[in-house]
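Here is the structure we will look at.
By convention in this document, chain letters (A, B, ...) are assigned in the order of the sequence lines, proteins followed by strands, and residues within each chain are numbered from 1. The structure presented is a predicted model; accordingly, all values stated were derived computationally and were not measured.
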2 protein chains.
Amino acid sequence: MTGNTSTIGRPRAFDVDKALQKALEVFWEKGYEGTSLPDLTEAMGINKPSLYAAFGNKEQLFLKAIELYENRPCGFFQPALLQPTAYLMAEQMLFGGAAASSDPSLPKGCLMVQGALSCSDNANSVKQVLIEKRRSGELQLQQRLERAKAEGEFAADVDCAALACFLGVQLHGMSIQATTGASSDKLQKVAAIALEAFVAATSGKAAVPESAS
Amino acid sequence: MTGNTSTIGRPRAFDVDKALQKALEVFWEKGYEGTSLPDLTEAMGINKPSLYAAFGNKEQLFLKAIELYENRPCGFFQPALLQPTAYLMAEQMLFGGAAASSDPSLPKGCLMVQGALSCSDNANSVKQVLIEKRRSGELQLQQRLERAKAEGEFAADVDCAALACFLGVQLHGMSIQATTGASSDKLQKVAAIALEAFVAATSGKAAVPESAS
DNA sequence: TTATTTTTTTACCATACGGTACAAAAAAAG
DNA sequence: CTTTTTTTGTACCGTATGGTAAAAAAATAA
């Protein structure tokens with residue numbers, strides 16, 4: 001069990017949750033492999049044996065950090081899926097993603113992307129976990145869109161898989177742009193353009209204007 | 001000078017261009033820091049002193065690799081900018097990016113993104129180079145769009161900076177989706193949706209449908 | 001006080017990293 | 001053949017990495 005509330009023995013000199021939050025921010029900024037143990041211990045204000053006693057090892061600490069990430073900085077995702085219409089879902093998703101990736105009080109971008117986008121063979125397991133998380137997110141999007149389609153929100157020829165991938169492109173693309181320095185304002189404008197595209201794509205006959213003379 | 005054509009001395013046992021191509025592929029797949037010198041020497045078929053004699057060091061080798069990357073796998077970018085209309089430019093850009101990120105004969109994604117998206121402090125100079133490259137690409141996009149606007153292709157209220165950022169989101173987002181496993185076909189569908197969005201956004205009055213009762 | 005439990009501190013371990021010195025090898029030049 | 005020039009192979013260097021052993025310190029329990 002992680003929740004150690006035993007009153008016996010020397011008490012911990014640090015707050016486990018706050019230390020995890022600090023670890024999250026370092027991993028977020030430098031990635032899994034770019035983060036060294038001294039980076040972690042310095043940010044968390046503890047030393048190595050304390051880290052290992054409380055969190056297992058570097059990889060397990062990272063896994064706990066992405067769990068925290070999903071609940072807090074990336075917490076807009078699940079509520080967005082619960083919106084009553086696909087339009088409201090897309091709106092919350094796009095503007096939530098734009099805001100999350102460019103929050104001035106946190107590292108820029110998305111941990112699911114930059115945590116281990118490309119890495120050495122040693123970190124392949126971590127990379128695979130993040131790939132699976134991204135896949136799962138897109139699948140949830142697709143299923144939400146298919147429900148909307150079944151409920152008659154979309155035209156009959158709408159490709160929900162492609163549309164889910166399109167939304168994934170927006171979220172991940174905005175996160176890259178945020179690391180490149182795009183402002184929160186600019187990303188909101190991009191989200192607005194993407195939302196219009198979403199509306200157009202869901203109202204059927206996704207025709208590329210062919211009659212451009 | 002890199003181009004050493006001296007006929008004197010022991011001849012090189014490897015082809016410099018082919019070795020650089022191999023190095024590019026390793027960097028592309030594992031990123032700058034995720035790639036070790038043994039990774040490089042094995043892929044290139046040479047040993048460390050030969051690598052250092054021919055390319056300087058790991059960082060200089062990486063810089064030469066991204067130069068090659070810009071000319072070959074990412075070679076669709078500059079020609080797209082030269083298209084006569086903004087529409088044709090966007091079309092070539094989006095479909096070119098979709099194809100490049102999912103080419104089955106090469107690593108997935110975009111080296112400009114995954115070469116050093118997040119990294120340790122040691123690699124900060126390389127990360128900064130890639131950030132600058134991405135910024136420069138978006139600026140070229142913006143300037144091309146501004147030219148199109150000046151030539152009367154767009155409505156008066158079109159925000160070329162936001163539109164350039166939107167295109168950057170598509171290119172970088174598709175590259176992430178490619179590393180996550182998206183097929184070339186799926187990315188083409190996404191590119192088509194994005195191209196429609198581009199058309200809509202350039203024909204003025206980017207109105208979010210507010211009258212949705 | 002003494003014994004027990006847990007955390008902290010310090011010091012260390014094996015391995016892998018980027019990079020290089022040095023001598024052997026392979027070619028052309030004299 | 002000898003000299004000169006350049007590349008190759010091997011062996012090595014200092015440092016940083018993730019991880020741990022062992023003792024000191026701080027709390028409770030008896």
| said: Quick one: does any side-chain atom of Glu153(B) pair with a main-chain N or O of Ala86(B) as donor and acceptor, under 3.5 Å? | reply: yes

| field | 5' precedence on DNA chain D between Gly9(A) and Gly9(B) (nearest-nucleotide basis) | value | Gly9(B)

Please give, in whole Å, the distance from [N] [atom2] to [X] [atom1]?
{"X": "Phe14(B)", "N": "dT6(D)", "atom1": "CZ", "atom2": "P", "value": "15 Å"}
{"X": "Leu51(A)", "N": "dT7(C)", "atom1": "CG", "atom2": "C1'", "value": "14 Å"}
{"X": "Phe55(B)", "N": "dT8(D)", "atom1": "CZ", "atom2": "C1'", "value": "15 Å"}

| So, is Asn47(A) near the phosphate of dT8(C), with a side-chain N or O under 4.0 Å from OP1 or OP2? | no

| query | Does Thr7(A) place a side-chain N or O at less than 4.0 Å from the phosphate oxygens OP1/OP2 of dT28(D)? | reply | no

| Nucleotide nearest Arg12(B) (side chain, heavy atoms from C-beta), chosen from dT8(D), dT5(D), dT8(C) | dT8(D)

| query | Are more than 12 heavy atoms from other residues, nucleotides or ligands located less than 6.0 Å from atom CD of Gln78(A)? | reply | yes

| salt bridge (Lys or Arg N to Asp or Glu O under 4.0 Å) against Glu138(B), all qualifying residues, sequence neighbours excluded | Lys186(A)

| query | Among Phe55(A), Tyr32(A), Trp28(A), which one satisfies ring pair (Phe, Tyr, Trp, His ring centres under 6.0 Å) with Phe62(A)? | reply | Tyr32(A)

| request: Determine the contact category for Ala53(A): base if any of its heavy atoms lies under 4.0 Å from a base atom, sugar-phosphate if only primed atoms, P, OP1 or OP2 are that close, otherwise nothing. | output: nothing

| task | Say whether Ser120(B) and Glu33(B), considering side chains only, have a donor N or O and an acceptor N or O under 3.5 Å apart. | result | yes

| Given axes from five pairs at either end, by how many degrees does the helix from dT1(C)-dA30(D) to dG30(C)-dC1(D) bend, rounded to 10°? | 10°

| task | Report, as a single string ordered 5' to 3', how protein heavy atoms within less than 4.0 Å touch nucleotides 17-25 of chain D: B base, S sugar-phosphate only, - not at all. | result | SBBBB---B

| message | For the SG atom of Cys110(A) and the CE atom of Met174(A), what is their distance to the nearest 0.5 Å? | response | 10.5 Å

| task | If a pair satisfies salt bridge (charged side-chain N to carboxylate O under 4.0 Å, His left out) and one of its residues is in residues 111-132 of chain A, list it, with sequence neighbours excluded. | result | Asp121(A)-Lys30(B), Glu132(A)-Arg135(A)

| task | If a pair satisfies side chain to side chain donor-acceptor pair (under 3.5 Å) and one of its residues is in residues 54-63 of chain B, list it, with sequence neighbours excluded. | result | Glu59(B)-Ser125(B)

| Can you pull the side chain to side chain donor-acceptor pair (under 3.5 Å) pairs that have at least one residue in residues 66-77 of chain A, sequence neighbours excluded? | Glu70(A)-Lys133(A)

